[in-house]
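Notes follow once the structure below has been shown.
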Amino acid sequence: MVFGDTVAIALMGARNLTKDEYAANHPAGRIGKSLIFKVKDVMKKQDELPVCRGGDLIMDQLVELTSKGCGCLLVIDEEYHLIGTFTDGDLRRTLKASGEGIFKLSGGDVQQGWKVPGKRSHMLMLWPKKRLVNPRTIGPDAMAVEAMKKMESPPSPVQFLPVINHQNIVIGIVTLHGLVSAGL
């Protein structure tokens, strides 16, 4: 495969093909896909989105969390503005910390920090505040390969990126699995 890519790049140079011309002639190959696929081409949309409101009880959202196959919930407000994310890892940490108290917690409680019911002074923050204020996102017109790079970037890799428009409204989600399935 590496040999084929090397030959393709050499031929591009010899024939003075631009990347766009190469992608148009070879859209099914890995190089072609990385040059033409945009986030909007590979993202999940509308009914496929794992969304919840900040006031929804975590226990009521378990089906949403597990059925959409994204490993997360996108926490939104009434206008679909992204507030934050709640991952299956956050669920495990919340369950470990709260025990039976999880039955009374909402996504908003978890995001803002909360007192574990039955324990007086214990405060839990599941993620740094900056993740809430500025979760990692991407726009629909970004290249899909850029989404993959953003997912793999420091401080830690992620399995998904919420897709938002210029008004911070959630319009989709792109997953690492979706990108790999698309051939990127």
Side-chain angles (χ1 to χ4, degrees), residues 5 8-9 12 17-56 58 61-91 107-108 110-112 126-184:
D5 288 348
I9 291 170
M12 274 177 51
L17 288 176
T18 66
K19 288 181 179 180
D20 291 334
E21 291 169 333
Y22 181 85
N25 290 321
H26 301 282
R30 178 168 280 199
I31 295 173
K33 287 179 181 180
S34 71
L35 296 172
I36 60 173
F37 276 149
K38 293 190 174 194
V39 168
K40 65 184 172 187
D41 300 324
V42 295
M43 71 182 189
K44 292 184 176 199
K45 305 169 190 144
Q46 298 166 345
D47 292 339
E48 299 173 301
L49 296 179
V51 295
C52 74
R53 309 273 190 234
D56 293 346
I58 292 172
Q61 293 302 315
L62 287 180
V63 171
E64 186 78 3
L65 176 64
T66 57
S67 68
K68 302 295 172 96
C70 297
C72 70
L73 289 170
L74 304 178
V75 184
I76 57 170
D77 65 13
E78 292 76 28
E79 288 95 36
Y80 255 68
H81 293 111
L82 182 64
I83 298 169
T85 60
F86 184 81
T87 68
D88 52 5
D90 294 329
L91 175 64
V110 173
Q111 289 177 346
Q112 296 170 10
L126 289 177
W127 51 64
K129 284 192 178 228
K130 74 176 190 176
R131 180 170 175 201
L132 266 185
V133 175
N134 193 15
R136 213 179 300 185
T137 62
I138 197 156
D141 292 320
M143 299 306 293
V145 74
E146 184 60 33
M148 186 173 278
K149 288 177 186 173
K150 200 168 191 178
M151 286 180 195
E152 295 170 343
S153 68
S156 61
V158 295
Q159 299 292 312
F160 65 90
L161 288 175
V163 181
I164 59 170
N165 66 15
H166 63 281
Q167 297 171 323
N168 196 38
I169 294 174
V170 175
I171 59 170
I173 188 170
V174 62
T175 64
L176 188 57
H177 181 265
L179 293 171
V180 171
S181 294
L184 296 174

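The figures that follow rest on heavy atoms only: side chains count, while hydrogens, waters and symmetry mates do not.
For the atom pair Lys149 NZ and Ile138 CD1, the distance stands at 10.5 Å (nearest 0.5 Å). Interatomic distance, CD1 of Ile164 versus CD1 of Ile173, reported as 12.5 Å (0.5 Å rounding). Distance CG/Leu179 to CD/Gln159: 10.5 Å, rounded to 0.5 Å. Rounding to the nearest 0.5 Å places CD1 of Ile171 at 4.5 Å from CE of Met43.
Within the 4.5 Å cutoff, the side chain of Val51 has no heavy atoms near those of the Leu73 side chain. Using a 4.5 Å cut-off on side-chain heavy atoms (C-beta onward), Val174 and Met151 make contact. Between Met148 and Leu176 there is a side-chain heavy-atom pair separated by less than 4.5 Å. Side-chain contact check for Lys38 versus Asp41: some heavy-atom pair is nearer than 4.5 Å. Inter-residue side-chain proximity for Cys70 and Lys44 is flagged as met; some heavy-atom pair is nearer than 4.5 Å. Side chains of Arg136 and Pro155 form a contact here, defined as non-hydrogen atoms less than 4.5 Å apart. With a 4.5 Å cut-off on side-chain heavy atoms, Lys68 and Leu49 do not count as touching. Phe86 places a side-chain heavy atom less than 4.5 Å from the side chain of Leu91.
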Worksheet item: Can Arg53 and Ile76 be said to form a side-chain contact (heavy atoms from CB on, under 4.5 Å), step by step?
Response: CA-CA 5 Å; Arg53 309 273 190 234; Ile76 57 170; 2.8 Å; yes
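Minimum interatomic distance between Leu65 and Gly71 (heavy atoms only, all atoms of both residues): CD1-C, 4.0 Å. The minimum heavy-atom distance linking Gly139 with Val163 is given by the pair C-CG1, 3.9 Å. Nearest heavy atom pair, residue Ala182 against residue Phe37, reads O-CE1, 3.7 Å.
Evaluation of the side-chain contact (heavy atoms from CB on, under 4.5 Å) rule for His81 yields Asp77, Glu79, Asn168, Ile169 as partners, not counting sequence neighbours. When the side-chain contact (heavy atoms from CB on, under 4.5 Å) test is applied to Asp88, the partners found at least two apart in sequence or on another chain are Arg92.
In terms of modelled atom types and a separation under 3.5 Å, the side chain of Ser153 and the main chain of Lys150 share a donor-acceptor contact.
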